[in-house]
Amino acid sequence: MNTTNQLKKSSGISRRHFLASSGLATAAMCFAPRRLFAEYVSPVLIIREAAATAQITVTKLRGNVSVLEGSGGNIAVLTGRDGKLLVEAGITGTRKRITEALASLSPEPVKHLINTHWHFDHTDGNEWLHSEGAEITAHENTRKHLMVDTRVEGWKFTFPASPVGALPTKLFKTDYKLDINGTTLALKYYPPAHTDSDISVEFTDADILHVADTCWNGYYPFIDYSTGGSIDGSIRAAEANVARVTSKTIIIPGHGPIANKQQLIEFRDMLMGVRDKVADLKKQGRSLDEVVEAKPTADYDAKWGGFVIDGGTFASLVYQGV
Ligand SMILES: [Zn+2]
């Protein structure tokens, strides 16, 4: 199989389209835009460029929890007298507008930062947030990947080791509880799913759950096989999310608009449906190219394929894991 040729073959999103849409939706990083590969332009560089002009929207959710959308993965913000707590660090190029958005919520500084996993679009801002006083909490595998040069084949990019100031220093393995600003946060590790470093962050009093990149609301997700992700792990995480929430829970997905339980169910069902179709074709002995040609995602593309990962790219990600 030749993934790169497969990627080059069909027309991917254009650079212009990507730049235009990346400010709106935040599925900016975790994707494999095929035409970009053909031109040897790293998606990481494109994201950084787009982040320089990205607009940030601020939405109050419940209690003292808000969400900032527009710079990498969705950023949850908890305000209060202990200082702000952020879940996700955004992209450094958007620092000025993130700072303005945070100031619009309340005056206190950012004291705490949680990374839901190691990917660049969730950790890029670690260094500047830490320099302003934020202590960084994450799963131990997030630190492990950030500490060394890390290759992501799906992006055709090797991330250099992060500077010391960007590394999480409060680490955990399975569960971690924090009491801040009069409320409790429950951090929980997912067994390997999108990567091997994914965690959820629950604001227990407000009944809000940040599910990291285990849900892309309305988009096909990236799956990072290079650092422990898989389609089956992604499905297990999606099932765990559905089992865990009620119809009242507010869900912050890694990418895409704020979600509810029904949308978690639809995301899980899409993952399972595509997996079944791709696995059937692969079992028949079909090559990657033949599986993509057979359009196993056809029933789903109108709803899920409208942004950075189209059906063919997602089918090839699933193919790797079945
Ligand atoms: Zn990610």
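Atoms within a ligand are numbered from 1 in the order they appear, just like the ligands themselves.
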Aromatic ring pairing F222/H119, orientation class (parallel under 30°, perpendicular over 60°, tilted between):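 If you compare the ring of F222 with that of H119, the planes turn out tilted.
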Using the rule salt bridge (Lys or Arg N to Asp or Glu O under 4.0 Å), only one of K111, K84, R95 pairs with E132; which is it?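 For E132, the salt bridge (Lys or Arg N to Asp or Glu O under 4.0 Å) test succeeds with only one of K111, K84, R95, which is R95.
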Which single N/O/S atom of D213 lies at minimum distance from the Zn ion (ligand 1)?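 Of all N, O or S atoms in D213, the Zn ion (ligand 1) lies closest to OD2.
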Could you identify the N, O or S atom of H119 positioned closest to the Zn ion (ligand 1)?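 H119's closest N, O or S atom to the Zn ion (ligand 1) is named ND1.
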Ion pair D232/R275, N-O distance below 4.0 Å: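 Salt bridge present between D232 and R275.
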Under a 4.0 Å threshold between the charged nitrogen and the carboxylate oxygen, would E140 count as salt-bridged to K144?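 No salt bridge links K144 with E140.
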Taking 2.8 Å as the cut-off, does H122 contribute an N, O or S atom near the Zn ion (ligand 1), distance below it?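 Within the cut-off used here (under 2.8 Å), H122 places no N, O or S atom near the Zn ion (ligand 1).
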